[in-house]
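Dropping the structure in here first, questions after.
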Amino acid sequence: MGVSFAVEAGKAAYIPSGHDYMGAPEQLPIEWVLQELKSILEDADKIKIGQNLKYDRSVLLNYGIELRGIKFDTMLESYVWNSIGSRHNMDALAQNYLDYKTVTFEELAGKGVKQLAFNQLKIEDAGHYAAEDADITLRLHEFFWPQLENIPSLKKVLETIEMPLVPVLSHIERNGALVDANLLGKHSIELGDRLTQLERKAYEIAGKEFNLSSPKQLGVILFEQQKLPIIKKTPTGTPSTAEEVLQELALDYPLPKVLMEYRGLAKLKSTYTDKLPLEINKRTGRIHTSYHQAVAATGRLSSQDPNLQNIPIKSEEGRRIRQAFIAPQGYTLIAADYSQIELRIMAHLSDDPSLLTAFELGLDVHRATAAEVFGVNLDSVTSEMRRSAKAINFGLIYGMSAFGLAKQLRIGRNEAQQYIDRYFERYPGVQRYMNETRALAHEQGFVETIFGRRLYLPDINAKNKNLQMGAERTAINAPMQGTAADIIKLAMIGVDNWLLGSNLDAKLIMQVHDELVLEVAESEVEQVRTGVIARMSAAAQLKVPLLVEAGTGKNWDEAH
DNA sequence: CATGTCACG
DNA sequence: ACGTACGTGACATGA
């Protein structure tokens with residue numbers, strides 16, 4: 001509809017172009033406006049400041065303009081400055097940091113079905129709104145940047161991680177992923193049949209029909225009609241019908257087992273096999289998610305519309321959904337993921353000799369932990385011991401309690417405590433690191449990743465002990481989860497820039513926290529695989545090697 | 001729009 | 001006595 005900009009705080013301009021309400025004045029054609037601006041927008045030496053520039057970059061690219069010189073993004077400045085202080089949309093930032101109330105789009109255009117489109121807004125109104133956006137963005141930059149410059153680690157996170165990542169994410173979003181809608185359609189029909197059967201079975205056991213997808217109706221059947229024991233309550237005090245409850249009830253009663261199967265399949269159908277085909281872009285024939293760079297407090301990305309970071313994998317049925325993510329004719333998918341990256345980061349941070357040695361020797365770390373905790377040789381570790389050790393390792397990353405471990409492993413609390421005690425005896429460095437991290441969090445009110453990204457913990461000294469303990473768990477977890485996020489972001493920048501500067505027919509199409517997925521011409525698979533592994537492994541120099549495993553295949557499941 | 005549930009790392 | 005593992009996003013239900 002138009003372009004707004006500002007070069008000096010307090011002054012801004014709007015060039016209207018596409019407004020077409022009754023009586024709208026004649027305007028410059030957008031193609032002409034952009035042609036005139038093209039040389040500035042594409043000049044890498046003319047620095048650009050914006051709010052969520054990934055979006056602007058993409059819009060401009062639709063008009064054949066490659067936005068260069070993306071130097072500062074106020075959304076990301078805010079996120080690096082304080083990832084949880086506020087939401088990072090411009091209206092909130094203006095309110096929080098400039099004490100300025102912006103005109104919201106709703107105030108201008110109304111809301112609901114009667115809301116006006118932007119091209120229906122009076123040029124005077126639109127002009128004020130759009131110019132204010134530009135002005136406020138510039139003022140926000142002038143607020144954030146001097147403060148970020150004062151904290152070198154934050155400046156570095158912004159300049160070497162978040163800003164260079166913007167075009168990379170834009171590339172991935174625009175590349176999109178190819179999905180076989182036909183295959184998903186067949187899967188949907190099959191799931192539908194199985195759900196109908198399960199429904200019948202449930203009605204038979206219950207003696208009447210009810211909506212299996214309604215926790216409320218289900219609660220009546222289970223706890224009032226069938227009088228099954230209440231194992232857990234939801235936060236509102238109603239009896240819970242969650243998976244773990246059903247699992248326990250299933251030991252003694254027939255209906256919960258049917259419900260568990262129903263829920264699992266219904267989730268796959270409603271969220272994935274039915275919906276993903278609808279997300280395929282008509283023009284490109286591919287699925288284009290949006291990656292959000294300023295949502296997760298720890299530094300991770302999130303994926304939305306659709307979320308491609310929670311595509312099923314754990315069940316056989318789930319893997320069939322991954323099989324629908326395919327490579328086009330002549331291409332292959334590569335899925336490269338970091339092996340145990342958070343535990344490796346824990347080894348690095350804690351400097352624990354046993355943990356460092358385990359990774360240096362390339363041991364199966366859960367097996368090694370089991371050997372230590374249960375006092376046996378590596379060769380004598382049973383699968384049960386390994387399972388327990390794995391739960392302990394994950395628990396440590398999450399800042400677990402004996403209670404949590406006991407629940408996870410379905411063992412007594414005392415036994416769980418013994419496991420933990422034994423672990424800390426064998427890995428004293430880890431215990432020291434955990435204690436130091438908690439103390440530091442209390443002292444300074446935030447924790448940091450290896451790269452200096454901060455996570456503030458407003459509840460770390462709260463009177464409410466639950467809040468405080470929650471903040472302590474976050475304090476333990478955030479440096480590991482956040483450092484892993486920093487590392488893969490650096491790897492993405494390295495991989496994307498390498499591919500762009502090469503003649504390789506290969507592109508990034510997805511990121512799933514510790515995994516990158518690429519679509520590569522068949523003839524170049526080995527070259528790209530080697531290059532990706534090298535760049536992911538070299539994204540950071542830790543005291544332990546960063547192991548990357550990369551598989552290939554015609555679909556995402558096969559590539560794992 | 002809140003709630004409960006469940007998919008992923 | 002109570003609540004207790006970290007981080008997300010999407011769906012169906014029902015008020």
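Bear in mind the structure is a predicted one, so any value in this text is a computation, not a measurement.
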Considering only side-chain heavy atoms of K275(A), which listed nucleotide, dT8(C), dA5(C), dA12(C), is closest? dA12(C)

Do R410(A) and E248(A) meet the salt-bridge criterion of a basic N to acidic O distance under 4.0 Å? no

No-H, no-angle donor-acceptor pair, Q481(A) side chain to dC6(C) base, under 3.5 Å: yes

Return the nearest nucleotide to the side chain of R300(A); candidates are dC8(B), dG7(C), dG4(B). dG7(C)

Can you find a side chain N or O atom of R263(A) that sits less than 4.0 Å from OP1 or OP2 on dC6(B)? yes

Nucleotide dA5(C), atom C1' - distance to CE of M434(A) in whole Å: 11 Å

Could you state the NZ-C1' distance from K314(A) to dA7(B), rounded to the nearest angstrom? 8 Å

Using atom types as modelled and distance alone, determine if a side-chain donor or acceptor of K232(A) lies under 3.5 Å from a backbone N or O of V245(A). no

Quick one: is T241(A) getting a side-chain N or O under 4.0 Å of the dT5(B) phosphate, OP1 or OP2? yes

Rounding to a whole Å, what distance do you find between M260(A):CE and dA7(B):P? 11 Å

Contact under 4.0 Å: K407(A) side-chain N or O vs dA5(C) OP1/OP2: yes

Could you tell me if the side chain of Q293(A) sits less than 4.5 Å from the side chain of L301(A), heavy atoms only? yes

Separation of atom NZ in K233(A) from atom P in dA1(C), rounded to whole Å: 16 Å

Distance, rounded to the nearest Å, where Q417(A) contributes CD and dT4(C) contributes C1': 13 Å

Roughly how many Å is it from CG in N477(A) to C1' in dG9(B), rounded to a whole number? 11 Å

Listed nucleotide nearest any side-chain atom of T271(A), set dA5(C), dT5(B), dA10(C): dA10(C)

Nearest to the side chain of R413(A), which nucleotide is it out of dT4(C), dA10(C), dT5(B)? dT4(C)

With both distances under 3.5 angstrom, what nucleotide forms a Watson-Crick or G-U wobble pair with dC6(B)? dG9(C)

Quick one: does any side-chain atom of R344(A) pair with a main-chain N or O of S339(A) as donor and acceptor, under 3.5 Å? yes

Look at the side chain of Q304(A) and the base of dA10(C), then say whether one donor and one acceptor between them are separated by less than 3.5 Å. no

Tell me whether H288(A) contacts the main-chain N or O of E173(A) through its side chain, where contact means a donor paired with an acceptor under 3.5 Å. yes

When you get a sec, tell me which of dA12(C), dG9(B), dT5(B) is the closest nucleotide to the side chain of Y398(A)? dG9(B)

In whole angstrom, give me the gap between the C1' atoms of dA1(C) and dC6(B). 30 Å

From the set dC6(C), dG3(C), dT5(B), return the single nucleotide nearest to any side-chain atom of A242(A). dT5(B)

Nucleotide of dT5(B), dC6(B), dA7(B) approaching E243(A) most closely (side-chain heavy atoms): dC6(B)

Assign K465(A) to base, sugar-phosphate, or nothing according to its heavy-atom contacts below 4.0 angstrom with the strands shown. nothing

Expressed as a whole number of angstroms, how long is the span from L405(A):CG to dC6(C):P? 14 Å

5' priority, DNA chain C, between T474(A) and S401(A) [closest heavy atom]: S401(A)

L396(A) near the nucleic acid: base, sugar-phosphate alone, or nothing, with a heavy-atom cut-off under 4.0 Å? nothing

Considering only dT5(B), dA10(C), dA5(C), which nucleotide approaches the side chain of D305(A) most closely? dA10(C)

Using side-chain heavy atoms (C-beta onward) and a distance below 4.5 Å, is F325(A) in contact with L183(A)? no

Heavy-atom side-chain proximity of L409(A) to Y419(A) below 4.5 angstrom: yes

Close approaches to DNA chain B from residues 179-198 of chain A, in residue order (heavy atom, under 4.0 Å): none

For A391(A), which contact category applies under a 4.0 Å heavy-atom criterion: base, sugar-phosphate, or nothing? base

Contact class for A297(A) vs. all strands (heavy atom < 4.0 Å): base, sugar-phosphate, or nothing? sugar-phosphate

In the strands shown, is dC2(C) matched to any nucleotide by a Watson-Crick or G-U wobble pair with both distances under 3.5 Å, and which? none

In whole angstrom, what separates M469(A)'s CE from dT4(C)'s C1'? 6 Å

Quick one: does Q323(A)'s side chain have a donor or acceptor within less than 3.5 Å of a partner on N555(A)'s backbone? no

For nucleotides 13-15 of chain C, list the nitrogen or oxygen atoms of the protein found under 3.5 Å from its nitrogen or oxygen atoms, one pair per line.
residue : atom : partner : partner atom : Å
dT13(C) : OP1  : N211(A) : ND2          : 2.8
dT13(C) : O3'  : S214(A) : OG           : 3.2
dG14(C) : OP1  : S214(A) : OG           : 2.4
dG14(C) : OP1  : Q217(A) : NE2          : 3.2
dA15(C) : OP1  : K216(A) : NZ           : 2.8

Using a cut-off of 4.0 Å on non-hydrogen atoms, how would the nucleic acid contact of G395(A) be classed: base, sugar-phosphate, or nothing? base

What interatomic distance, in whole Å, is found between P of dA5(C) and the corresponding atom of dA2(B)? 24 Å

Classify the ring geometry between F394(A) and H366(A) as parallel (under 30°), tilted (30 to 60°) or perpendicular (over 60°). tilted

Quick check: does any side chain N or O of H348(A) sit under 3.5 Å from a backbone N or O of K543(A), one acting as donor and the other as acceptor? yes

Pairwise C1' distance, dC2(C) and dA7(B) [rounded to whole Å]: 30 Å

Using a heavy-atom cut-off of 4.0 Å across all strands, would you classify I311(A) as base, sugar-phosphate, or nothing? sugar-phosphate

Hydrogens and angles aside, do Q481(A) and T298(A) bring a side-chain donor and acceptor to less than 3.5 Å of each other? yes

Quick check for you: among dT5(B), dT4(C), dG9(C), whose closest atom lies nearest to any side-chain atom of N310(A)? dG9(C)

Side-chain (Q309(A)) to main-chain (Q511(A)) donor-acceptor, under 3.5 angstrom: yes

